[in-house]
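Have a look at the structure below before the remarks.
Excluded from the calculations below are hydrogen atoms, water molecules and symmetry mates; all remaining heavy atoms, backbone and side chain alike, are included. Both ligands and their constituent atoms are indexed starting at 1 by order of listing. Throughout, residue positions are numbered sequentially from 1 according to the sequence presented.
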Amino acid sequence: MHKEVDYIIVGQGLVGSWLSYYTLQAGKTCIVINDSHTPAASSVASGVINPVTGRRIVQTWMIDTFLPFALSAYADIGNQLKTTIVKEAPVVLIHPSAQMQESFEYRYHHDNVYLQKYKAEDVKAFMHTPFGTGQINQSVWIDLNTMLTSWREKLIDHHQYVDERFDMEDLKLKDEGVEWKGIQAKRILFSDGIGSMQNKYFKGLPFAPNKGEALIVEIKDLPNQAIYKHNLSIVPWKDQLFWVGSNYEWQYEDAKPSIAFRTKMETALTQLLTIPFKIVDHIAGLRPANQDRRPFVGMHPAYNAIGICNGMGTKGCSLAPYFAHALIAHCEIGTPIHPEANLDRFKLSLL
Ligand SMILES: Cc1cc2nc3c(=O)[nH]c(=O)nc-3n(C[C@H](O)[C@H](O)[C@H](O)COP(=O)(O)OP(=O)(O)OC[C@H]3O[C@@H](n4cnc5c(N)ncnc54)[C@H](O)[C@@H]3O)c2cc1C
């Protein structure tokens, strides 16, 4: 294959999809190399952007910037793909304990932006609510499977996608740019999720991946316009199927679904729901998380044709569009990358 492009992009999860999207938006050319047989965190994620987090129900990092950016980005890519990718879906909180109920009440009365009261009667027909309920507004659900599949089809139609495992042995560094299997590029950007942990240029980054699992459950009588959050989350997936999860395992033997998780979720669902449910699938993946909980975005300090956009952790849906855009803008017009996400903070470990 002989070809010249502006960018080679490795990986087509959320990040690689957005990198290729913004490359093309900038009027540049790209080829995406993605091994569809390597599991992607993006294809098991529930697709939720929740503006608040944790037991104290505080706003997530820079959500005032990321949320509007993400809403407009997912709407735009949906328009290009002629489908709806993003939907507003309030989070209905089913407080799992008296402490969480108190925490909600506290936040509701202090610095409240996103919380509102929710009538427990509205879910009582489906769930046990001994500690009451609450609601988070401005949360959204992204249909990741539709987005990733449709974007891949578009790349394939335009001869911009290669389904192959990228091997570093095949990459040649040139005076200007790089070459991979006869394809010349000005730059190569890595968005291969946890694959980057083995990348000789980026293995010095403090990756701290964690495993997450989910059940796909049919709950015929549950309204699918909201996300329900207890100790577990129940997220509309497709028709009357719901995504139910998750967990954060820092020590794991493999990335496969485990019996322990299935049993735990099944028990939790039985205790929470008052209506029947049926488990139809069980999925698992590795989140490309890192120790300082901020993404890795930028070009290598010693090799200016090699870059990375990674480390999205638990927040890929909100972070990926923003930081993919930031990296392409940085490459094309020199826009600085936000210092908390900039790769420069690890310069010493990369040299
Ligand atoms: C159970 C679970 C639930 C989650 N829920 C949410 C959520 O609700 N909201 C949210 O914001 N985030 C969520 N996340 C986190 C989110 O999934 C990640 O932040 C995000 O998907 C990371 O995207 P990525 O593109 O960096 O990596 P990935 O999605 O892992 O993509 C990497 C891609 O690179 C490819 N690849 C890897 N190695 C190679 C190679 N050598 N050659 C070619 N291709 C390669 C893989 O096939 C894959 O397609 C969840 C994660 C999990 C596991």
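- Surrounding CD1 of Ile259 are at most 12 heavy atoms belonging to other residues, nucleotides or ligands under 6.0 Å away.
- Every atom of ligand 1 is numbered from 1 in the order shown, and the set under 4.0 Å from a heavy atom of Ser246 is 1 (C).
- At least one side-chain heavy atom of Met265 sits under 4.5 Å from a side-chain heavy atom of Leu232.
- Between Gly313 and ligand 1, at least one N/O pair is under 3.5 Å apart.
- Looking at Phe323 against ligand 1, nothing comes within 4.0 Å, counting heavy atoms.
- Using cut-offs of 30° and 60° on the angle between ring planes, the pair Phe69 and Tyr22 is tilted.
- Formation of a donor-acceptor pair under 3.5 Å by the Ser139 side chain with backbone atoms of Ile49 is not found in this model.
- Close approach of ligand 1 to Thr38 (heavy-atom distance below 4.0 Å) involves ligand atoms 37 (C), 46 (C), 47 (O).
- Counting heavy atoms closer than 4.0 Å to ligand 1, residue Lys315 contributes backbone atoms (N, CA, C, O) but none from C-beta onward.
- Contact atoms of ligand 1 toward Ala41: 17 (O), 21 (O), 28 (P), 29 (O), 30 (O) (distance under 4.0 Å to a heavy atom of the residue).
- Remark: Asp292 engages Arg345 in a salt bridge, criterion side-chain N to carboxylate O under 4.0 Å.
- Taking a cut-off of under 4.0 Å to the non-hydrogen atoms of Gly13, the atoms of ligand 1 that pass are 25 (O), 29 (O), 31 (O), 33 (C), 49 (O).
- For the residue pair Gln80/Gln25, the side-chain donor-acceptor check at 3.5 Å is satisfied.
- Residue contacts with ligand 1, taken as heavy atom pairs separated by less than 4.0 Å, involve Cys317 via backbone and side-chain atoms alike.
- Residues Trp243 and Pro236 fail the side-chain proximity criterion, which asks for heavy atoms closer than 4.5 Å.
- Interface atoms of ligand 1 facing Val48, defined by a heavy-atom separation under 4.0 Å, are 7 (C), 8 (O), 9 (N), 10 (C), 11 (O).
- No part of Ile49 comes within 4.0 Å of ligand 1, judged by heavy-atom distances.
- In summary, the atoms of ligand 1 found under 4.0 Å from a heavy atom of Phe166, numbered by their order in the structure, are 40 (C), 41 (N), 42 (N), 43 (C).
- If you look at Ala284 next to ligand 1, there are no close heavy atoms at all, none under 4.0 Å.
- Within ligand 1, counting atoms from 1 as listed, the ones closer than 4.0 Å to a heavy atom of Glu164 are 42 (N), 43 (C).
- For residues 183-197, the set of pairs meeting the salt bridge (Lys or Arg N to Asp or Glu O under 4.0 Å) definition, not counting sequence neighbours, comprises Asp6-Lys186, Arg187-Glu332.
- Applying the salt bridge (Lys or Arg N to Asp or Glu O under 4.0 Å) test to pairs two or more places apart or on separate chains, those with a residue in residues 35-54 are Asp35-Arg165.
- Atom numbering of ligand 1 starts at 1 in the shown order; those under 4.0 Å from a heavy atom of Gly285 are 53 (C).
- Neither the backbone nor the side chain of Lys211 comes within 4.0 Å of ligand 1, counting heavy atoms alone.
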